[in-house]
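Each ligand, and each atom within it, is numbered from 1 in the order the structure gives.
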Amino acid sequence: MLTKKPKKFEYNLIAIGAGSAGLVSTYIGATVKAKVALIEKHKMGGDCLNTGCVPSKALIRSAKLLYEASNSKKYGIEKCDTQFNFSDVMERVQNVIGKVEPHDSVERYTGLGVDCIQGEAKIVSPWEVEVNGKRLTTRSIVLATGARPLVPKIPGLETVEYLTSDNIWNLRELPKRLVVLGGGPIGCELIQCFARFGSQVTQVEMAPRLMPREDADAAEEVTRQFKSEGINVAVDHKALRVEKDNDGDVLVCEHQGKEVRFGFDKILLALGRKANIEGFGLEELGIKINQRGTIDANELMQTNYPNIYVCGDAAGPFQFTHVASHQAWYAAVNALFAPFWSFKADYRVIPWATFTDPEVARVGLSEDEAKQKNIEVEVTRYGIDDLDRAIADGNDHGFVKVLTAPGKDKILGATIVGSHAGDLLAEFVLAMKWGIGLNKLLGTIHIYPTMAEANKYAAGNWKRAHAPQTALRWAEKFFRWRRG
Ligand SMILES: Cc1cc2nc3c(=O)[nH]c(=O)nc-3n(C[C@H](O)[C@H](O)[C@H](O)COP(=O)(O)OP(=O)(O)OC[C@H]3O[C@@H](n4cnc5c(N)ncnc54)[C@H](O)[C@@H]3O)c2cc1C
């Protein structure tokens, strides 16, 4: 192992992993004319493109079409013919990946000036990365190795070919009975799709509700919709073991002190994602791992080695593509410009969405978090069932909920449940990021009739609750006087 810092380096930056985090890091490096390399052992684009965001959203689209067609009566259309082959749907998912692929491709990144290397990287010293038997020297390294599905130690699980978000995309036959373990975003998005395609589905979650990270009212809206679509929602169920009986494989759970059995043809594990931290030199170097099992980083996205940075799912705590890109900016800029310039990662306004139907989108504080942290907030709601466009579209359900500082219009957080919630939230993200309050949001023209008007009406509800009562009493007297 080379222990002395080399006098010269082949690269300014080498990123390990070509998912969102590694791609953005090297994009930034190449843009500012640094010499950068990107090493990927599997597929360019990482999880987001190949097994995550892109395939899941493509699948959601097909499932939604089917659901709407089978509910066409609601739109005044007696019947829609909805014959389909599940394998065609899964092929379409692959076609969508193929269409997005060029954005993350070797060709594109090579064109941008990035040296793309296919192979498994290993860090052999703080300034050297080995790949395909060759050692490359670099002034800084960005760890962008991502995460993989967590596989729990459930007795008997090893006896079945379980599905995860990694291999579910290889399915070409619709499972008749599907059990999904996990009530988080990935489990919720996928189970709704399979229910809509016609699988008999059960969702098992240990917590008392689905989407435990979201507020209870948001989770309730999704649960109600899930139940209406025939999804067996088994919350407060702890998975004990997998076994076989005459009908095939069975997941045995504990619920209120009793054993409950769910038979299945396929079981999908959606229990969270474990950072990739093993087998590429971190142990040998003594890179610190935190209690969450991700690579420990300071505010500059620096590990305990000052020239080794980390971003994306390998760093956490927010495992989203847009957070990976956000962190990648700090990791790359700090890696390239420190000690002359460095910037602390800004986590004040992190939005996310779960793309169930209805979608659940959130930025900043939730009501539950405010309670836990003893933060005083005012909560303003607007029911989307009241919104003209939502009614016209048959999407009149859900709500906009805004948390503000007491007596002020400063937005501390927002949760939106409903159709296009992920898109609607952007206005609150912008407002929070740039310190725009509800008064200004209310004073902004929103196109009629759009879903985005829901945000304005939420601001309107806040304004009504803060109407200046004394001034209004004076106004009443004034107009009485003017009427003579
Ligand atoms: C089903 C599903 C749906 C999702 N939906 C969304 C969504 O809608 N919106 C959203 O924001 N996020 C979503 N996510 C999360 C999102 O995919 C991740 O947060 C994002 O991909 C993280 O990017 P990353 O670059 O950190 O890691 P990854 O994308 O995992 O990339 C890491 C890469 O590093 C490579 N690698 C690892 N070790 C080495 C090594 N030693 N040498 C070379 N290469 C190596 C891996 O092969 C991999 O390609 C979803 C995830 C899943 C599973």
Legend entry - Pair Asp115-Lys35, salt bridge (charged side-chain N to carboxylate O under 4.0 Å, His left out): steps then yes or no: CA-CA 8 Å; Asp115 283 357; Lys35 189 158 166 38; 3.3 Å; yes

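- Under the 3.5 Å distance criterion, with hydrogens and angles disregarded, no donor-acceptor pair is assigned to the side chains of Asn307 and Arg139.
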Pairs of nitrogen or oxygen atoms, one from ligand 1 and one from the protein, closer than 3.5 Å: please tabulate them with distances.
from: ligand 1; atom 1: 5 (N); to: Lys57; atom 2: NZ; distance (Å): 3.3
from: ligand 1; atom 1: 8 (O); to: Lys57; atom 2: NZ; distance (Å): 2.7
from: ligand 1; atom 1: 11 (O); to: Thr321; atom 2: N; distance (Å): 2.9
from: ligand 1; atom 1: 11 (O); to: His322; atom 2: ND1; distance (Å): 3.3
from: ligand 1; atom 1: 12 (N); to: Thr321; atom 2: N; distance (Å): 3.4
from: ligand 1; atom 1: 19 (O); to: Asp313; atom 2: OD1; distance (Å): 2.9
from: ligand 1; atom 1: 19 (O); to: Asp313; atom 2: OD2; distance (Å): 3.3
from: ligand 1; atom 1: 19 (O); to: Gln319; atom 2: O; distance (Å): 3.4
from: ligand 1; atom 1: 19 (O); to: Phe320; atom 2: N; distance (Å): 3.3
from: ligand 1; atom 1: 21 (O); to: Cys48; atom 2: N; distance (Å): 3.3
from: ligand 1; atom 1: 25 (O); to: Ser20; atom 2: N; distance (Å): 3.1
from: ligand 1; atom 1: 25 (O); to: Ala21; atom 2: N; distance (Å): 2.9
from: ligand 1; atom 1: 26 (O); to: Asp313; atom 2: N; distance (Å): 2.8
from: ligand 1; atom 1: 29 (O); to: Asp47; atom 2: N; distance (Å): 2.8
from: ligand 1; atom 1: 30 (O); to: Asp47; atom 2: OD2; distance (Å): 3.3
from: ligand 1; atom 1: 41 (N); to: Ala121; atom 2: O; distance (Å): 3.1
from: ligand 1; atom 1: 42 (N); to: Ala121; atom 2: N; distance (Å): 3.0
from: ligand 1; atom 1: 44 (N); to: Lys41; atom 2: N; distance (Å): 3.1
from: ligand 1; atom 1: 47 (O); to: Glu40; atom 2: OE2; distance (Å): 2.6
from: ligand 1; atom 1: 49 (O); to: Glu40; atom 2: OE1; distance (Å): 2.7
from: ligand 1; atom 1: 49 (O); to: Glu40; atom 2: OE2; distance (Å): 3.0

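- Using modelled atom types, one finds no donor on one side chain facing an acceptor on the other under 3.5 Å when comparing Tyr309 with Gln327.
- The aromatic rings of His322 and Phe320 lie parallel to each other, with less than 30° between the two planes, well short of the 60° mark.
- Under the rule for a salt bridge (Lys or Arg N to Asp or Glu O under 4.0 Å), Lys227 has no partner lying at least two apart in sequence or in another chain.
- For Glu221 and Gln225, the side-chain atoms include no donor-acceptor pair closer than 3.5 Å.
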